[in-house]
Protein chains: 4
Amino acid sequence: MGKFTPFLISRRLNQLFEQIVCKKSGNVGHPFGSHSFSSRVGIPDSRQNFTQTVTKNAGDRVYASYNVYKGKAGVSMMPCLPTFTKLDSGNLVISRRGSVMLTFFPAIGERKYDWTKKQLFSLSATEIGTLISLGPRDSCEFFHDPGMLSSTAGQVRKSLTIKSHADGNGYFISLNVVNNMQNTKEFLSVPFTAGEFSVMKTACSFALPHILGWDQLTRPSHQGMGKVVQPNKVDREALSLEWER
Amino acid sequence: MGKFTPFLISRRLNQLFEQIVCKKSGNVGHPFGSHSFSSRVGIPDSRQNFTQTVTKNAGDRVYASYNVYKGKAGVSMMPCLPTFTKLDSGNLVISRRGSVMLTFFPAIGERKYDWTKKQLFSLSATEIGTLISLGPRDSCEFFHDPGMLSSTAGQVRKSLTIKSHADGNGYFISLNVVNNMQNTKEFLSVPFTAGEFSVMKTACSFALPHILGWDQLTRPSHQGMGKVVQPNKVDREALSLEWER
Amino acid sequence: MGKFTPFLISRRLNQLFEQIVCKKSGNVGHPFGSHSFSSRVGIPDSRQNFTQTVTKNAGDRVYASYNVYKGKAGVSMMPCLPTFTKLDSGNLVISRRGSVMLTFFPAIGERKYDWTKKQLFSLSATEIGTLISLGPRDSCEFFHDPGMLSSTAGQVRKSLTIKSHADGNGYFISLNVVNNMQNTKEFLSVPFTAGEFSVMKTACSFALPHILGWDQLTRPSHQGMGKVVQPNKVDREALSLEWER
Amino acid sequence: MGKFTPFLISRRLNQLFEQIVCKKSGNVGHPFGSHSFSSRVGIPDSRQNFTQTVTKNAGDRVYASYNVYKGKAGVSMMPCLPTFTKLDSGNLVISRRGSVMLTFFPAIGERKYDWTKKQLFSLSATEIGTLISLGPRDSCEFFHDPGMLSSTAGQVRKSLTIKSHADGNGYFISLNVVNNMQNTKEFLSVPFTAGEFSVMKTACSFALPHILGWDQLTRPSHQGMGKVVQPNKVDREALSLEWER
């Protein structure tokens, strides 16, 4: 019924790219230590453990994820903006692409989740494009090899499957991780209602231009970016060189 | 014809959450006292009473709602942004989730509405997702229990129904409130044309990323938020930890 | 084939409102006098006359319209933002609603248009909602009476018709103005390709939250608005009063 | 199967316009010289050559394109914002329209592309409207004549074809350039998956209001634009002159 579209081939180059730019950025601890939020009382007991993927010594970050908690597992999603590098010319180019990070974590009891067993899957722009164009009976699958192009190529295989319910009224979003080095297999699957998937699609559609860095072309710059950029000047001249040939 | 999707199960955790974080924040008076707007002359006589839900001693707020006035009742909608809490680490996390607040009020005469009999229903992100994915012949229903997890659990039951017209050219949006403590039942129903529902969908789609706090990840911060945040730094390192395992 | 939805009834209150708030704001002259733009050379000869509706003594405004020029007439569209009034409480409320203004002008020769014979039609939020939800074979019609509720009620009748092409690949957007006082009838019709209508829909969808003032709820304020507003505080407490009853 | 919509007629005026406003803005060199990005290691060897179309002596620009690399060719896309001119009245008008620039480049080996043989095609607002409204089995074609209205009219003919795959699961985007002066014909074709085309549609939808300049009407101004503009004042009075007649 739903068409099943593997993206093995067209993703090769992207994957290559991702694997290199998405460097590990430090140790990952329990994100907020023992800090408790009065506003999170309603959240399961392991609340300190599963809020977000955070690097230690972070500071000045904003954490705002959309979370779906279900019986056997949960998933958290949050956009990761691209970073820019300043060239000698004074121009900025994207040095690390943005993505939407999915963090899966298994349930270990009623409304209890084990954040230490989380599994990550970073959706690229094109994967987001695929996701947001899925019809109610469509499905798709994405493959990532974290060790690609390195000596550990093929040792860890991740696949993310988005599979529509038979009645067209929701999806299963499942992450399968086969780690040949640790000889482990993990499967985390979260059923999404149509409403939850609609939130994911809307939020990812919103995030996509930001992930591509296109918002930087169209919005005033700010000091946080190192050097001042004036986007309104950005393409004044870069414009329509079409006619030059 | 239209499918009818109850969201009882998947909403449980959200509801639990909402009930705790959405604290009562003071007495609610008539929002603008006797202040009259020349621009509101065309609005029904009870205009001072039904403009918006406002807390006393507010100040520096912006009120911009989309209102639909019909023969038996009217409804007003406005986004409520999330609030953030600053951690010791300097990071910000969402402490209260955003929503789109619906305020229903009954008609008490031709173009007269009784704002004192207003009934509120706060749409969560997932409920908004459901709403914006409704097709022209779809319907849905949301249930809220304001007393959930407290000693008054089950005493007040609210249900919001969005039901498509038989001809697929509009919806009825109805709020049903059963209050066992006061032994009252209230039913407020507002017919929406396709155009009015399209405004609601478009406005809610716009609001959704803001309600999730994703706009804070992608936009420069401002002084109003207490401490300066530099969103462009936000996820520089938090990015793609996918490859770490 | 296409369904034809008149909006006579549900528009009554809006119209009432519009007529009062949308005051005439001064004499309207030829917008840019004899100022010529090198970049507008390709535009018809009467270019100084038909660029935009502008009030004299304007200053510090931005004019950016989407224009469609066809054989018998052209149309220009541009969003008009709402204005806010500051209350004694320090809060801001919308005092004049936003809209998307359509300006029609007849052709008086090949690529020549007579801006002095322009006819205006201001699309309200709900009319925009109707427009952006039109399917490829749908049609709709809006009626405005500029003299509504005044002594000249019914003297001038405007109707805007959006009618899909039989092949579903475009629309006719036509403005009909019957002026009984001047005993004139004017009919201006502009065929839109599917692509041009798609621009109109996308631009109007973008404009809609701004017309409602919802962007003010979610974005940092700026000095241009008179007093500083801190939108992030806006609804901190106004939030979820749903639970209070 | 897919309908094929040529846009020869309705594009004439636009084309005329484009040809005049999109002036050549200086010599075009290799954008980043020998500067190498560690983050671009995964990108083909000719990476310095094909990143973006840039003018020499640029500075303070942001480069963020969405690129699709395939076996025989690749394409890069990036929005070009409009530019504004300040009038004596202090108002700003669009002096050069925005666009989304497509840059095609041929493959010259496995994952090697020849940036020096790039071909540009600048999508106007209406062409973007056509693109984003394409259904999964639709197709369209755009024609540009860079020499239009000049002595070289008809010497160079460019046509961009977007043609859906037979299975409705992707598109071919192809640029055909016939240069009678140089007696050359070039054909560059890039297959897009449904996901890649979805990114293109979403990014172009995001860019469209910015290309029209409508974001300037609705957002605070910034210093980069030369003179301060206060968009909130912009159309306070320009609003609804509909009622004046």
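Protein chains get the first letters and strands the later ones, always in sequence-line order, with residue 1 at the start of each. Basis for what follows: all heavy atoms, side chains included, without hydrogens, waters or symmetry-related copies.
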Colleague: Checking C:Y171 now: which residues fulfil ring pair (Phe, Tyr, Trp, His ring centres under 6.0 Å) with it, not counting sequence neighbours?
Modeller: C:F197
Colleague: Could you give the distance from CD1 (C:I211) to OH (B:Y66), rounded to the nearest 0.5 Å?
Modeller: 11.5 Å
Colleague: Of the non-hydrogen atoms in B:T202 and C:S205, which two are nearest, and what is the gap between them?
Modeller: CG2-O, 3.9 Å
Colleague: Between B:Y63 and C:F84, what is the shortest heavy-atom contact and its length?
Modeller: O-CE2, 4.3 Å
Colleague: Nearest 0.5 angstrom please: B:M200 CE to C:L212 CG, how far?
Modeller: 12.0 Å
Colleague: Keeping C:W214 on the side-chain end and B:A64 on the backbone end, is there a donor-acceptor pair under 3.5 Å?
Modeller: yes
Colleague: Just verifying a value: how many Å separate B:S198 OG and C:I128 CD1, rounded to the nearest 0.5 Å?
Modeller: 10.0 Å
Colleague: Considering only heavy atoms from C-beta outward, does the side chain of B:V199 approach that of C:L208 to under 4.5 Å?
Modeller: yes
